[in-house]
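Below is one structure, written out as structure tokens; the observations come after it.
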Amino acid sequence: MKLHIRHETRYDFDAPVPFGLQQLRKTPKSFRNQSIMSWSTEIIGGRKELSFEDYHRNTVELISFETNTQSVTLISEGSVEVEDTNGILGRHEGSIPLWLFKRSTQQTKPGKGVAELVRNLPQGEPLEQMHALSESIREHVKYEIGSSDPDWSAEDAIEAGCGVCQDHTHVFISCARQAGLPARYVSGYLMMNETELQDATHAWAEVHLDGLGWVGFDISNGISPDDRYVRVATGLDYAQAAPVIGNRMGTAGEQLKVELQVAQQ
């Protein structure tokens, strides 16, 4: 399936900002089941300083603000062709050892909630267990837009009993690692059937299973990713795969506006 994506992020400040830097991870990955046909990034109110590939093989663009700017707009746009592989991505590649994906982070550190979810997994093959885990998380952590905080950990979401795709993914990753499986966070784009316009990017998890390699799980929707999903960035948690992250000088307040369109070509 060929998809066209336009992702605009706009910051408006209530006072001039003397200096700011942002890291963008908004460029899709080229991979076995995914080909980038075209992609570009436009910056209004700033400029691109450099582009590099981080150790997760994410494309990172470093953006600086114009001096004393009061508005910055970041527009990423392009076309991607995706093949449906039933969520199976295959063998591990890159210089990062698989054992690193068993390491917990601040947002995936396991506690009592994660331990209980893992303890209640049914006996069976790891693939069956991961599907059962996805279903269990949806039952214990209800999907509610606006219900969570970006800094929530997996345990925070379990305790609250609600969250969004980011929280579902952190809980799943924490549980998978607790069960001894390498797992990673994926940020990307999802073409919805009912609308082309969206408020935010999507998040899901990937687990490495013997005999299959990396396999994706969209916990919030209860499926494995198909050809409507575009992989953009991966990491140990959200912080390493966030579409935009950075800092700025000054005390100005800001207003964030995101416009995202994903459509079949």
Side-chain angles (χ1 to χ4, degrees), residues 3-31 34-80 94-96 105-107 149-151 164-166 169 184-190 196-204 229-263:
L3 301 174
H4 182 265
I5 300 157
R6 188 181 189 278
H7 184 188
E8 178 177 323
T9 307
R10 179 184 174 96
Y11 295 90
D12 289 305
F13 307 107
D14 58 17
V17 175
F19 181 75
L21 284 175
Q22 297 278 14
Q23 287 188 13
L24 307 188
R25 288 174 174 83
K26 298 170 68 176
T27 303
K29 289 174 178 280
S30 289
F31 203 64
Q34 183 171 288
S35 300
I36 312 306
M37 302 169 64
S38 65
W39 197 264
S40 63
T41 300
E42 179 184 3
I43 302 100
I44 303 171
R47 67 177 181 271
K48 184 189 300 185
E49 297 291 348
L50 56 89
S51 177
F52 63 93
E53 191 174 272
D54 68 15
Y55 71 99
H56 287 290
R57 305 177 79 174
N58 302 320
T59 298
V60 184
E61 296 172 295
L62 184 64
I63 307 301
S64 67
F65 294 1
E66 292 179 357
T67 303
N68 293 325
T69 186
Q70 287 193 247
S71 178
V72 176
T73 302
L74 313 168
I75 303 172
S76 297
E77 185 170 11
S79 299
V80 183
S95 59
I96 304 177
T105 66
Q106 183 174 350
Q107 291 186 297
D149 185 276
D151 294 328
V164 294
C165 59
Q166 174 180 317
T169 303
R184 63 189 179 192
Y185 187 104
V186 185
S187 67
Y189 303 113
L190 168 60
E196 294 181 359
L197 299 176
Q198 304 174 32
D199 296 324
T201 56
H202 194 47
W204 60 95
Y229 289 71
V230 176
R231 298 171 76 248
V232 173
T234 56
L236 298 182
D237 58 15
Y238 169 78
Q240 296 185 354
V244 183
I245 191 170
N247 54 64
R248 56 185 171 81
M249 297 178 62
T251 59
E254 70 177 39
Q255 182 176 2
L256 171 64
K257 182 180 180 181
V258 176
E259 292 184 358
L260 175 59
Q261 182 179 15
V262 184

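Excluded from the calculations below are hydrogen atoms, water molecules and symmetry mates; all remaining heavy atoms, backbone and side chain alike, are included. Position 1 is the first residue of the sequence, and the numbers go up from there. These numbers come from a predicted model, not from an experiment.
- What you find for Lys26 and Ser76 is that their closest heavy atoms are CE-OG, 3.5 Å.
- In terms of heavy-atom proximity, Ser71 sits nearest to Asp12 at OG-OD1, 3.1 Å.
- The closest donor-acceptor contact from the side chain of Lys48 to the backbone of Ile43 lies at 3.5 Å or more, if one exists at all.
- Counting heavy atoms from C-beta outward, Thr59 and Phe52 have side chains that stay 4.5 Å or more apart.
- Scored by the salt bridge (Lys or Arg N to Asp or Glu O under 4.0 Å) test, Arg6 finds Glu8, Glu77 as partners (sequence neighbours excluded).
- For CD of Glu53, the number of neighbouring non-hydrogen atoms (other residues, nucleotides, ligands) closer than 6.0 Å is greater than 12.
- The shortest distance between side-chain heavy atoms of Glu259 and Asp199 does not fall below 4.5 Å.
- Every residue two or more places apart in sequence or in another chain was checked for a side-chain hydrogen bond (donor to acceptor under 3.5 Å, both in side chains) with Glu42, and none qualifies.
- Under the 6.0 Å cut-off for aromatic ring centres, Tyr189 and His202 do not qualify, their centroids lying 6.0 Å or more apart.
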Go through it in stages, so that I can follow the logic: the residues are Thr41 and Glu61, the test is side-chain hydrogen bond (donor to acceptor under 3.5 Å, both in side chains), and I'd like the CA-CA distance, side-chain angles, deciding distance and then a yes or no.
CA-CA 9 Å; Thr41 300; Glu61 296 172 295; 2.9 Å; yes
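- Trp204 has its side chain out of reach of Cys165: every pair of non-hydrogen atoms, C-beta onward, lies at least 4.5 Å apart.
- In this structure, Phe65 and Gln70 have side chains that are not in contact, with every pair of non-hydrogen atoms separated by 4.5 Å or more.
- Sparse packing is recorded around CE of Met249, with 12 or fewer heavy atoms of other residues, nucleotides or ligands lying under 6.0 Å away.
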Give every donor-acceptor pair under 3.5 Å between a side-chain atom in residues 14-23 and any protein atom, sequence neighbours left out.
unit_1, atom_1, unit_2, atom_2, d
Asp14, OD1, Gly253, N, 2.8
Asp14, OD2, Gly253, N, 3.4
Gln22, OE1, Gly246, N, 3.3
Gln23, OE1, Arg25, NH1, 3.0
Gln23, OE1, Arg25, NH2, 3.3

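- Looking at Arg248 and Glu254, a side-chain N of the basic residue comes within less than 4.0 Å of a carboxylate O on the acidic one, giving a salt bridge.
- Residues Val230 and Gln34 are in side-chain contact: their nearest non-hydrogen atoms beyond the backbone lie under 4.5 Å apart.
- Surrounding CD of Gln255 are at most 12 heavy atoms belonging to other residues, nucleotides or ligands under 6.0 Å away.
- Here CD1 of Ile63 is found 8.5 Å from CG of Leu50. Values are rounded to the nearest 0.5 Å.
- For the pair Asp151 and Asp149, the tightest heavy-atom approach, listed with the atom from each and the gap, is N-OD1, 2.8 Å.
- Closest of all the heavy-atom pairs between His7 and Val258 is NE2-CG1, 3.9 Å.
- Between Val72 and Phe13, the closest side-chain pair of non-hydrogen atoms falls below 4.5 Å.
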